[in-house]
Number of protein chains: 4
Amino acid sequence: MRRADIENVRKKALTDAAIQAVGAQGSMDVTMADIAARAGVSAALAHHYFGSKQDLMTASVRALLADLRTDAIAALGNARSPRGRLSAIIQVSFSAKQFSSETVAAWLAFYVEAQRNPGLSRLLGIYGRRLHSNLVSGLRPMVGEWEAARIAEGTAAMIDGLYIRKALGSAGRRADPVQLVEDHIETQIASVRRFA
Amino acid sequence: MRRADIENVRKKALTDAAIQAVGAQGSMDVTMADIAARAGVSAALAHHYFGSKQDLMTASVRALLADLRTDAIAALGNARSPRGRLSAIIQVSFSAKQFSSETVAAWLAFYVEAQRNPGLSRLLGIYGRRLHSNLVSGLRPMVGEWEAARIAEGTAAMIDGLYIRKALGSAGRRADPVQLVEDHIETQIASVRRFA
Amino acid sequence: MRRADIENVRKKALTDAAIQAVGAQGSMDVTMADIAARAGVSAALAHHYFGSKQDLMTASVRALLADLRTDAIAALGNARSPRGRLSAIIQVSFSAKQFSSETVAAWLAFYVEAQRNPGLSRLLGIYGRRLHSNLVSGLRPMVGEWEAARIAEGTAAMIDGLYIRKALGSAGRRADPVQLVEDHIETQIASVRRFA
Amino acid sequence: MRRADIENVRKKALTDAAIQAVGAQGSMDVTMADIAARAGVSAALAHHYFGSKQDLMTASVRALLADLRTDAIAALGNARSPRGRLSAIIQVSFSAKQFSSETVAAWLAFYVEAQRNPGLSRLLGIYGRRLHSNLVSGLRPMVGEWEAARIAEGTAAMIDGLYIRKALGSAGRRADPVQLVEDHIETQIASVRRFA
DNA sequence: CATGAATGAGTTTTCATTCAT
DNA sequence: TATGAATGAAAACTCATTCAT
């Protein structure tokens, strides 16, 4: 294998391991040694490739984001209408992969860390704006720019809230997250149209 | 000051300092020395009174919870109707005190920690059930038990989501959280009644 | 109770507690708080009466020594012959009180500490010389000064060895300590006489 | 030096340093920093190799035990008779290396610690049984099983006693330990034979 | 006389990071 | 490329000791 290839393989293994470790632990308070061990390499190598723990974490979030983006693009590509695009976004957000306990826990941990880490904050801001813009682009044709923005904000909040509840494994969750969000959107759209 | 009171004063100062420190830091990764300094005492004294960092944190969460509860009871006492109870709950959740950046950040940090700490998890579970039950008790008279539970779940998720967004200081937030939640509830209730 | 009496009662309670604590722990690595609690008082009071942990320990050894001395004097008073004096010394050394697990463990702990503590060393030296002199005074009439000193040294070593073995609760101890020491002395005396 | 050897070299340096430190201090109450400094490394490295202070101490006792065992095996190999084996054991016990102040102080410290540490206790139990069995194997041909066990016990006690007296540097020691023990054994054997 | 309040100094342990091989 | 060696810095926790009441 060429040197550049090895580097990519190692980097991928390390970011995967980092996400896994953070997800398992529920916070970014994991050791480089733990992450490296999950990737089957030494902690020193992780430093060699990423420079610091911080940089490895940032790269990991970027990977998470890229993954989500890929899924979203694929789902949106199949949508045949603005309303379909909304459903596609929701489906992806709660898909088995994105809504797995580990991934959700990792998201939450990164969110928390972002409060102190501008780089991370900026990165997660991208995700937030992308979600918002996707929601708005589905809603706009149906309710107009202004209402679309308002509904998107409530919807995004609900999605985030469902994520945090998933992460905490709150007992008593009965309703399907997709149903909950779809219902919110549907009801909001209907309400706007009734009074428009 | 009476000798017997000192303990309570110190304990209060320390839990306040802990919440403040956790809020400022955005995570429970704060040192006893930092907390103790904020309370104006030595780290050794914090151990003297609480035994361990863990116990101090638990006591702090308990204090946060008790504070929220007091506010909620006061607000509910003034409500004159089921619908008024719902608004009261929402008002309290987003009141200046409960929705301050620091308090919100502390809540989030405790939530994250709860993933690994059963004691904390149990404590926060109390909050979750109390919120749910308060919401249901306001909704039930209007939409019945079944729909009340469903709406309460979406509402609680939205509240949690708005909290996490507040903690992250996500740019671009424009809508008022209270408006968002009130609107969600109002629309949901109306929708249920229309098709009932 | 007069003030001086209270002081003596407290001091006695504290040295007793110290011996008990050290015996239970098997080393002088016990806390003032532990000792004070056993004596039913505060750690501050222990300092008030003894000035320092070191001083409390020294006083405790002194008490142990005084106790042993009282027992020894009583036993020697009943002895009717030099040989009887030897047996009396041995009896006392292995009496239920002096050879109890706790007392033995306390002796050992103090011995160990004496390596670094000249004051303690001096105190324990008194015990060593007293034992030696008592043994010699019993042996001298039977084997003369020179042999008495030699036999006393071996005997004292054996007694110390039996103490340390008791402290460690070495499995497999079968023989009675008194028998072992009596036999050693008897055989040594006989041997000297045969070849004298 | 080969990379693979470094670990063993460091471990050896650390256990040596630990024995030295414990011997100098007369108790196990020495800091990892002190031990590490004596070995010329950082305290962190000591943890790296041994995991905990406890484990380092256990390894050190094991080293002490192994060393004694090697010496004993060598000495026993040169013995030409049961009686010679007894003398060999005694010689080793009081050899310059094994009976040095530091080594003796270390033994005593470990013995004391063993009261609270089952792992250490088990380890030291091995030494006790080995000494006993070596003594019995030398005595048995001369006095039979039963008497051999009895004499071995007294002898072992005397050896232990001479160790503790050495550790304490008791003033007034005049007799040679080897002489004392040899004499005890000789006299006991003679006594048994006379009355057998 | 007696105690709880309070702390400074110290100890083990953890961990990101650097470096030589 | 890859790793084990090595460490400094930090953090929780302990405890003898002092002091005000």
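Below, read A as the first sequence line, B as the second, and so on, with proteins coming before strands; counting in each chain starts at 1. Just so it is clear, the structure is predicted and the values come from calculations on it, not from any experiment.
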inquiry  = Closest-nucleotide mapping onto DNA chain E: is D/A33 or A/G51 further toward the 5' terminus? I mean the 5' end.
reply    = D/A33

ask   = Would you call B/R116 and A/S27 a side-chain contact if the rule is heavy atoms closer than 4.5 Å?
value = yes

remark   = Among E/dT13, E/dT17, E/dT3, the one nearest any side-chain atom of C/L45 is E/dT3

inquiry  = From C-beta outward on B/T31, which listed nucleotide comes closest to its side chain: E/dC15, F/dA12, F/dA5?
reply    = F/dA12

task = Could you tell me which nucleotide pairs with E/dT21 by Watson-Crick or G-U wobble geometry, both distances under 3.5 Å, or answer none if nothing does?
result = F/dA2

ask   = Rounded to the nearest Å, what distance is computed from the CG atom of residue B/N8 to the P atom of nucleotide E/dG4?
value = 15 Å

message = Is the phosphate of E/dT7 approached by B/H48 (side-chain N or O, under 4.0 Å from OP1 or OP2)?
response = no

message = Testing the basics here: between A/A114 and A/L124, what is the closest heavy-atom pair and its distance to 0.1 Å?
response = CB-CD1, 3.7 Å

Assigned partner base of E/dT11, Watson-Crick or wobble definition, under 3.5 Å = F/dA12

query = Quick one: is D/H47 getting a side-chain N or O under 4.0 Å of the E/dT12 phosphate, OP1 or OP2?
reply = no

ask   = Within the structure shown, what part of the strands sits under 4.0 Å from D/S42 by heavy-atom distance: base, sugar-phosphate, or nothing?
value = base

request  = Using atom NZ of D/K11 as one end and atom P of F/dG4 as the other, report the distance to the nearest whole Å.
outcome  = 14 Å

inquiry  = Is B/Y49 close enough to E/dG4 that one of its side-chain N or O atoms is under 4.0 Å from OP1 or OP2 there?
reply    = no

ask   = Can you tell me how far P of F/dA16 sits from CE of C/M28, to the nearest Å?
value = 11 Å

message = What is the separation between atom CG on B/D29 and atom P on F/dA9, rounded to the nearest whole Å?
response = 19 Å

ask   = Got a donor-acceptor contact below 3.5 angstrom from the B/Q25 side chain to the B/V30 backbone?
value = no

Nearest-nucleotide 5' precedence on DNA chain E, D/S52 against A/S52 = D/S52

ask   = Which comes earlier along DNA chain F counting from the 5' end, the contact point of B/M32 or that of C/K53, where each point is its nearest nucleotide?
value = B/M32

inquiry  = Check the orientation of B/Y127 and B/W107. Use parallel for under 30°, tilted for 30 to 60°, and perpendicular for over 60°.
reply    = tilted

query = Phosphate oxygens OP1/OP2 of E/dG4: is one of them under 4.0 Å from a side-chain N or O of B/R10?
reply = no

inquiry  = Tell me the interatomic distance from B/L56, atom CG, to F/dC13, atom C1', rounded to whole angstroms.
reply    = 14 Å

ask   = Can you name the nearest heavy-atom pair linking B/Y49 to B/K11, along with the distance?
value = O-CE, 3.6 Å

request  = Among the candidates E/dA2, E/dT7, F/dT7, find the nucleotide nearest to the side-chain atoms of D/V41.
outcome  = F/dT7

